[in-house]
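This report refers to the structure that appears directly beneath it.
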There are 2 protein chains.
Amino acid sequence: MSEADPKPTRGRPKTMNAEQVLDVAMTAYWQSDPADVSVNAICQMAGISKPSLYREFGSEDGLSRAALDRYAEQVLSEMFVILNGGTGLRATLDALIDFASDDPRMETGCLFYKMRAGKHRLGPDTKVRVEEIDAAGQAAYAAFLQAARDAREWPDGLSVEAGAKYLGEQIALAITQRASGEDPARIREMLTLALSVFTRP
Amino acid sequence: MSEADPKPTRGRPKTMNAEQVLDVAMTAYWQSDPADVSVNAICQMAGISKPSLYREFGSEDGLSRAALDRYAEQVLSEMFVILNGGTGLRATLDALIDFASDDPRMETGCLFYKMRAGKHRLGPDTKVRVEEIDAAGQAAYAAFLQAARDAREWPDGLSVEAGAKYLGEQIALAITQRASGEDPARIREMLTLALSVFTRP
DNA sequence: TGCTATTCGTACTGTGTGGTACCAAAACAA
DNA sequence: TTGTTTTGGTACCACACAGTACGAATAGCA
């Protein structure tokens with residue numbers, strides 16, 4: 001939160017609710033695809049004019065970056081909670097599988113993964129934010145696996161970094177398949193198979 | 001080849017080489033992304049006018065469909081050859097891992113997977129073709145796994161269909177990661193890990 | 001020399017995009 | 001009342017896109 005609007009004492013009172021606009025944008029980007037949602041469409045959905053949106057967010061890049069920030073706070077944080085739960089290897093993996101395969105919030109996929117998949121189409125600020133979140137995710141997966149290794153729950157033979165990357169990509173794959181309408185039971189079956197490498201000799 | 005041009009005996013001789021244009025289009029779609037290559041750009045790269053291209057392919061959909069057909073013949077066929085090699089479970093899986101992780105042709109990814117990932121942006125004909133190829137791939141993976149099961153090389157506990165889907169998605173994931181510049185050694189490591197579920201008790 | 005058939009490319013259409021110039025509306029301060 | 005400040009939205013800009021109308025060019029046939 002670097003933005004601090006001191007609420008000007010003069011001037012025409014603003015009718016636009018930035019939070020609500022951001023919510024509309026985030027939802028639209030999320031439910032369809034960031035590349036398929038235009039600024040015009042968002043203005044129409046939010047019931048505001050284009051100059052109003054540009055006054056608030058500066059550019060399309062600013063808007064999508066703000067939407068991604070909001071998504072990270074509201075949704076992605078849940079995944080970090082699961083990873084930092086400290087409930088042991090098997091329980092945490094199961095929780096991740098549940099989240100990716102059956103959580104209704106992931107029914108139309110994950111905004112972050114959608115943005116990452118179309119990274120080259122993003123504006124510079126949003127792109128940077130995507131890379132930051134990606135790195136944070138990697139680190140969280142790595143910390144989780146390192147803890148499991150420390151607790152002797154996970155055998156050697158694979159580096160923590162490689163395991164973290166593998167785990168992250170399998171989760172991403174599962175959630176991306178949710179977005180394409182795949183049967184959740186099938187997704188769960190495949191993700192369970194993919195992650196079984198962590199819990200077998 | 002349903003197109004049979006009887007080579008008209010009259011009229012201005014055509015200077016456009018359809019094969020070469022198709023090659024330019026296929027390469028452009030492949031190296032970058034079908035959604036990021038415009039008809040204008042292809043015309044410029046191929047050194048022809050837009051009406052010439054539309055006379056030959058009818059529409060953007062026709063062009064991308066033709067490019068995908070060409071790609072299936074020239075590149076994708078290689079994967080079917082590997083799958084039908086009949087060299088046993090382990091050897092075939094290793095060949096698939098080699099192809100996905102290190103074959104220079106997959107250095108910028110796979111046109112089919114790129115089209116499949118952005119299916120909703122394709123024209124109807126191209127979309128249908130993508131779905132056909134997807135189904136054919138599924139069937140080939142399934143036949144391969146069924147053969148392995150018949151030869152007692154692969155234990156029960158997972159349906160052939162689920163295994164085929166899993167195998168196909170892991171290959172797709174690996175090749176997609178190639179396109180995003182991931183280290184081939186890392187990709188090989190992860191793909192090997194993912195496919196180890198087929199060769200371990 | 002026409003006449004017909006086919007391909008050529010210039011120049012256009014209409015639509016959608018991200019982004020903005022500009023002025024009216026609405027508040028407080030003088 | 002008269003400025004000043006801020007927000008509002010209409011109407012525009014330039015650009016890129018897919019697709020096309022149309023006349024010039026080039027061939028064989030009469």
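Throughout, a chain's letter reflects where its sequence line sits, starting with A, and its residues are numbered from 1. Keep in mind that this is a model prediction, so the values were computed, not measured.
A straight line from CD of B:Gln44 to P of D:dA16 spans 11 Å, rounded to a whole angstrom. Between A:Phe57 atom CZ and C:dT20 atom C1' the separation is 18 Å, expressed in whole Å. When the C1' atom of C:dC8 is taken as reference, atom CD of B:Glu56 falls 13 Å away, rounded to whole Å. As a whole-Å value, the separation of A:Asp36 CG from D:dC17 C1' is 15 Å. At whole-Å resolution of the value, CZ in B:Arg12 and C1' in C:dC3 are 18 Å apart. Regarding A:Ile42, its CD1 atom lies at a distance of 11 Å from the P atom of C:dT17, rounded to whole Å. Regarding B:Asn40, its CG atom lies at a distance of 10 Å from the C1' atom of D:dG19, rounded to whole Å. The distance from atom OH of B:Tyr54 to atom C1' of C:dG9 is 15 Å, rounded to the nearest whole Å.
Across all non-hydrogen atoms, the minimal contact from A:Tyr141 to A:Ala164 is CB-CB, 3.8 Å. Counting all heavy atoms, side chain and backbone alike, A:Thr92 lies closest to A:Ile82 at CG2-O, 3.6 Å. When all heavy atoms of A:Phe144 and A:Leu89 are compared, the pair lying nearest together is CZ-CD1, 3.7 Å.
Taking the side chain of B:Pro51 as heavy atoms from C-beta on, and the options C:dT10, C:dT7, D:dT5, the nearest nucleotide is C:dT10. Of all nucleotides listed (D:dA18, D:dA27, D:dG8), D:dG8 comes nearest to the side chain of A:Met16. Checked against C:dG18, D:dT5, D:dG8, the side chain of A:Arg10 finds its nearest nucleotide in D:dT5. For A:Lys14, counting side-chain heavy atoms from C-beta on, the closest listed nucleotide (C:dT6, D:dA18, D:dT7) is D:dT7.
Nearest-nucleotide assignment on DNA chain D puts the 5′-proximal partner with A:Arg55, out of A:Arg55 and B:Gly58. Comparing A:Asn17 and B:Gly11 by the nucleotide of DNA chain D that holds the closest heavy atom to each, the one mapping nearer the 5' end is A:Asn17.
Using a distance-only test at 3.5 Å, with no hydrogens or angles considered, a donor-acceptor pair links the side chain of B:Asp61 to the main chain of B:Thr126.
At C:dC8, one or more side-chain N or O atoms of B:Ser52 fall inside 4.0 Å of OP1 or OP2 (strictly under the cut-off). Note on A:Thr15: a side-chain N or O is less than 4.0 Å away from OP1 or OP2 of D:dG8. The side chain of A:Thr9 contributes no N or O atom lying less than 4.0 Å from OP1 or OP2 of C:dC28. A sub-4.0 Å separation between OP1 or OP2 of D:dC17 and a side-chain N or O of B:Ser38 is present.
Classification of B:Glu169 and A:Arg186 as a salt-bridged pair fails, no side-chain N sitting under 4.0 Å from a carboxylate O.
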